[in-house]
Structures are given as structure tokens and as C-alpha cells.
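Report on the following structure.
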Amino acid sequence: AFASNRLLELYGRCGSAQHARRVFDSIVHKDLYSWVRMITAYARTGHLEEAKRVFDSMKEWNLVSWNAMLSAFLHHNLTDEAKVVFDAMPERNTITWNAILSAFAQGGDLDAAKLVFDSMPEWDLCSWTPMLDAYAEAQLVRNARGIFDCMKERSIVSWTAMLCAYAQNGHLEDARQVFDAMPERDVVSYNAMLAAYTQRGHMDEASQVFFGMEERSSVSWNCIACGYAQDGHIDAATRVFLAMPELSVVSWTVMLCAYAHTGQWTDALELFSSMKMTTMPDDVAFLCVLLACNHAGSVRSGCSHFFSMAPDYNVAPRKQHYSLMLDLLSRGGYLDDAGELVANMPFAPD
RNA sequence: UUCCUAGCCGCGGA
């Protein structure tokens, strides 16, 4: 059973639920580890209903199995299902509380996050930081600061979160003070300070931070390129882009977006073709491309990109993609096709 | 086993 459990874990991690299931079924004396790993394997591959079925067929449960089921739902944003699990749990630990707190905080549900936070028996770094984030996102910087001040211990992550809380709410000076006061800094905290400056168009300060960095990541470069692009310095942004040691999907998208917004439709579309040779475009990249097609009035190109999203790139079109397509089709005079698209949308029309 | 756990960049939202 021990060896089989290892195998189960392996298949679960590499995303092969069928193989995991085969191993699971072959185990005669399944222990709690086997069950939990089977649940996790299904959860990681998005088979939540299967995961739940496995969970329900368990003979006995422990805290870890409950947490596994809870996290499975939370990771897929199935908050209602997660709540049911949470309420049914016979016992909870810090992992339980932090998991549900993080989910509420990231989902922007401040009231729920607060409720959970206040009900918790104890807090650690992974409880304070999400709560701080939740306040920052709700533009309650003082409450965020209150959490920060109350923390029994602070890590580089908490300091960076506080920096971002100020930056997101336009308090650049305070963000800088936090940055200067941090006991240690890493590439993420540097990037956070960098982004604080570039997002507000303070390219001089941003450059100082950038050149002061011992180590840079793709994020650092992207911030600089994006800063120039939104300043209207497309050529400068392009030079930064070309100098990047590595290109992520965001690097490409920054440039796509820059070209699309400045009316360089053909450049945008050419860039997109180059991008696809090395990088899987995501939903945002497609938005920029559709925006470019839209402004160029290129119905044919827009359609071909739109209809390749799900089948070729596994990207589900969002409402914004649909509305760009509707705009493009109707302005091109393809009213019937626009109507058909609306009829087949997976959302209710606004 | 739940946890490669909480913090950084692109569209939109705010």
C-alpha cells in the first residue's frame, strides 16, 4: 500500500487522474493517505464531482481528508460547496481556517473574510497577510495597516503586502517608507516597489529601483516596458521588450496592448503570430488581439482568432471577448452572425 | 497525504 500511495501521489501531481484511479482501485487495504491522494488527484485535474464521490465513499474521515475536500472546492472557486464542507467539519485547524480566509480575501468578500478572521482561534502569517490584502483591496488602507501593526511576527511577505496595500491605494510615499523600512528585500518586494512607480508613470524613480536591483525577474522587465508603453513611449517599450532576457505571456501582452491602443493594428497582429510560436496566449492576450482586430475592422481575422481560443488554446472566452466580437460583427454589417453569437453565448446578455 | 501554503507585472472591473 505504501508504494501504491507513492505512485498515486505521482500520478496526481502530473495530472493523470485515470492512472491514479487505476492504482487506487488496485489497492486492497486503502488507508487515509490513499483516499486523500485520490481526492487531490481528481481535484487537481478539475474533476470535482469525482473527488466528492471519493470523499463520500470513505469509511472514516480525518481532519486532513476534510481539509483536502475543502481545498479542492476552494481552488476551483466553488465557494458554496466549500462552505457546506466547512460547516460540516467536526474539527478545524489553522490550515482549514487559513484556506477559507484566503479564498474570501481573494474573492473580494471582505465581510466574509472578516467574519472568518474574527472566529479563528489563532492566527499566523498565512492568516494576517490575506486579511491585510482583503482590506487593501476594499481600499481600507488604515485597517490594512492595523492588521500589519497587530501582527506578532512579520515576514518579507507581510512587508511586501503592506507596501502593495499603500501602492494600490495611491499612497506612494507610504509605500516607499515601507520599502525603506523592510528588514530584508527580495526580487518580489523590489518588483512591488517598481510596479508602484510604473503604474503611476514615475519612470525616473522606477528606473532607479530597476538599476538598483541585484537580481531581476521577468516581472521587473515587464513593469518597465509597461510603464513606457502607457506613457506613450512605444518605441522605448519596444526596446525594453527586445532587451528582455526572457519573455513571458505578460511581456508579449504588454506590447500587444500597447500596439492595439495606439492603433498599430498590423504590428499587433504580427506580434501575436510571433508570440504563438513560443508562448501560449491567455485570455488577456486574446482580448488585446480582438481589440486590435476591432479597431482595424478586420472581421475575418477577429473571427479566426476568437474561434481558435477554446479549441486550440484552451482559453474560455469571457464576456469581454464576446462583446468585442459583437461590436466587430455588427459594425461590419454581419448582424445575423452577431445575433447567432449572442444566442450561443454561455452568459446572459447584459 | 490537506500545503510545490500568504506577497510582485499585462486587459477589464473598482
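Quick note: numbers below take in every heavy atom, side chains included, and nothing from hydrogens, waters or symmetry partners. Small disclaimer: the values here were computed from a predicted structure and weren't measured. In the text below, chain A, chain B and the rest are named by the order of the sequence lines, each starting its count at 1.
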Item to check | Closest to the T160(A) side chain, choosing from rU1(B), rG7(B), rC9(B) | outcome: rG7(B)

Checklist entry - Going through the checks in order, is the side chain to side chain donor-acceptor pair (under 3.5 Å) test met by D124(A) and T94(A)? => result CA-CA 8 Å; D124(A) 67 7; T94(A) 314; 5.3 Å; no

Checklist entry - To the side chain of D186(A), which of rG7(B), rU1(B), rG10(B) is closest? => result rG7(B)

Checklist entry - Mapping Q139(A) and M193(A) to their closest nucleotides on RNA chain B, which lands nearer the 5' end? => result M193(A)

Item to check | Geometric class of the Y197(A)/H202(A) ring pair [parallel <30°, tilted 30-60°, perpendicular >60°] | outcome: parallel

Next on the checklist: What contact category does S127(A) fall into here, base, sugar-phosphate, or nothing, at under 4.0 angstrom with non-hydrogen atoms?
Outcome noted: nothing

Checklist entry - Just to confirm, is there a sub-4.0 Å distance from OP1 or OP2 of rG7(B) to any side-chain nitrogen or oxygen of Q106(A)? => result yes

Item to check | R44(A) side-chain N/O to rU2(B) phosphate OP1/OP2 under 4.0 Å | outcome: yes

Checklist outcome for this item: Ranking rC8(B), rA6(B), rG10(B) by distance to the side chain of V188(A), first place goes to rC8(B)

Next on the checklist: Taking atom types as they are modelled, would you say the side chain of D282(A) forms a donor-acceptor pair with the base of rG10(B) within the 3.5 Å cutoff?
Outcome noted: yes

Checklist entry - With a 4.0 Å cut-off, would you call E50(A) and R53(A) a salt bridge? => result yes

Next on the checklist: Tell me if the side-chain of R185(A) makes a donor-acceptor pair with the base of rC8(B), cut-off 3.5 Å, by modelled atom types.
Outcome noted: no

